[in-house]
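Working notes for the structure below.
Residue numbers count from 1 along this sequence.
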Amino acid sequence: MTNTVPWKPNALADLRECLDLMTADGTVPGGVIAHGTFDTEPGYLASGVVAPECGDVRPGPDTVYDVASLTKVLATWLLAGASHMDGFTLDTTMRELLPGIPAEAPGSQVTVSQILSHTSGLRADTRLDRYRGRPEPLAELICAEDLIAEPGAAHRYINRGFILLGLALAHYRSRRLDELAAELWQDLGMTSTTYGSVPRSAQVAPTEQRLAGGPRLWGMPHDDNATLLGGVASHAGVFTTPADLATFATCLLTSHATSGPLGRWLVHSMQPQAEIEPGLDRGLAWILADEGRVAYHHGFTGTSLYLAPATGRYLAICTNAVYHHQDNRTRLAPLRTLALKAITDEP
């Protein structure tokens, strides 16, 4: 069993102060940070309001956020792990998973592992709108595109790879991606996690106003390509709550501590596959830090999830930072840097 390391009060106080400052300066309307260890009840730090449209409603554990690219670990990575346990290997190619892909197609020999590690060599621009009106299946169109690098050669963050993998997994399992994901979430006790769209309410955080004077995206996926796919995509499109992210983290860390199937998948996924930059590697889907002891992932809308299996701790950040700003990566950097430091620090 893992010996859990409790959160230091001063580390949580620093995170709360940073979130409060970001709310005060308009970086975010508000937000929630879930924190805990797998053997304790989660705690929550909240600040601000859900959004001005929601009046004075404060965000909390049950506020619903569009988590954008956290979809990659909440849905696709999870489903890939379940399928891996059922028999297919990470070296399985797209042509093996999708028999309709011609052998000569540039993307036909890309493997599950290469997609999960962002080393597929597929085109980095997502732009599914270029395929409007085309009669061919989307997976064939993606695989037919010329590669930008030799598969396995170098790391480059590629949404298209995850989109392709989602299509392949759905075909492999002969079920829709959202049905497969919903079944896994239900098994984990994640009762508020779903693919969009979701009904508008004061408990759902709006995101971006695309046109001046127009309505905000509210309950609809912020990612255009997820919207083109009907809200069900393997790179973005999931809505969830801080409480469900805490449940997800707790399940992964508990399974890790007891050497359960999910925990073994996490261990395998935390083996470095490609260097992102000095000090950061890519595992299978997850970014790895602290010499591989911490796994994390971000979502463009203003979300993050951090896991430290060695200490049993986790952090989940939920904000709707794109409400005010598109340059949210820079604006969120102080909070994300502080979160990474907090989860890597030990007594």
For a quick test of reading the model, state the closest non-hydrogen atom pair linking Asn225 to Leu128 and the distance between them.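 Closest approach of Asn225 to Leu128: OD1-N, 2.8 Å.
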Kindly say whether [Y] contributes a backbone atom to a donor-acceptor pair with the side chain of [X] at under 3.5 angstrom?
| X | Y | result |
| --- | --- | --- |
| Ser108 | Ala103 | yes |
| Asn320 | Ala205 | no |
| Arg282 | Ala285 | yes |
| Thr40 | Gly36 | no |
| Ser255 | Gly263 | yes |

Listing request: all ring pair (Phe, Tyr, Trp, His ring centres under 6.0 Å) pairs with a residue in residues 178-205, at least two apart in sequence or in separate chains.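 Residue pairs passing ring pair (Phe, Tyr, Trp, His ring centres under 6.0 Å), neighbours aside: Trp185-Tyr195.
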With ring pair (Phe, Tyr, Trp, His ring centres under 6.0 Å) as the rule and sequence neighbours excluded, what pairs involving residues 40-61 come up?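 Residue pairs passing ring pair (Phe, Tyr, Trp, His ring centres under 6.0 Å), neighbours aside: none found.
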Taking atom types as modelled and ignoring hydrogens, do the side chains of [X] and [Y] form a donor-acceptor contact shorter than 3.5 angstrom?
| X | Y | result |
| --- | --- | --- |
| Glu208 | His222 | yes |
| Thr4 | Thr37 | no |
| Asp91 | Thr89 | no |

Between Phe300 and His298, is the ring centroid distance below 6.0 Å?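 No - the distance between ring centres of Phe300 and His298 does not fall below the 6.0 Å cut-off.
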If we only count heavy atoms from C-beta on, is the [X] to [Y] side-chain gap below 4.5 Å?
| X | Y | value |
| --- | --- | --- |
| Leu284 | Ser113 | yes |
| Phe162 | Leu116 | yes |
| Leu97 | Leu167 | no |
| Val267 | Arg264 | no |

Taking the inter-plane angle between the rings of His297 and Tyr157 on a 0 to 90° scale, is it parallel (under 30°), tilted (30 to 60°) or perpendicular (over 60°)?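 Plane angle between 30° and 60°, so tilted.
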Which word best sums up how the rings of Trp286 and Phe248 line up, parallel for under 30°, tilted for 30 to 60°, or perpendicular for over 60°?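 The rings of Trp286 and Phe248 lie parallel, inter-plane angle below 30°.
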Side-chain ion pair, [X] and [Y], N-O less than 4.0 Å:
| X | Y | value |
| --- | --- | --- |
| Glu53 | Arg216 | yes |
| Arg210 | Asp224 | yes |
| Arg16 | Asp20 | no |
| Arg130 | Asp125 | yes |

Does Pro215 have any side chain to side chain contact (heavy atoms under 4.5 Å, CB included) partners at least two apart in sequence or in another chain, and if so, which?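 In terms of side chain to side chain contact (heavy atoms under 4.5 Å, CB included), with neighbours along the sequence ignored, Pro215 is linked to Arg200.
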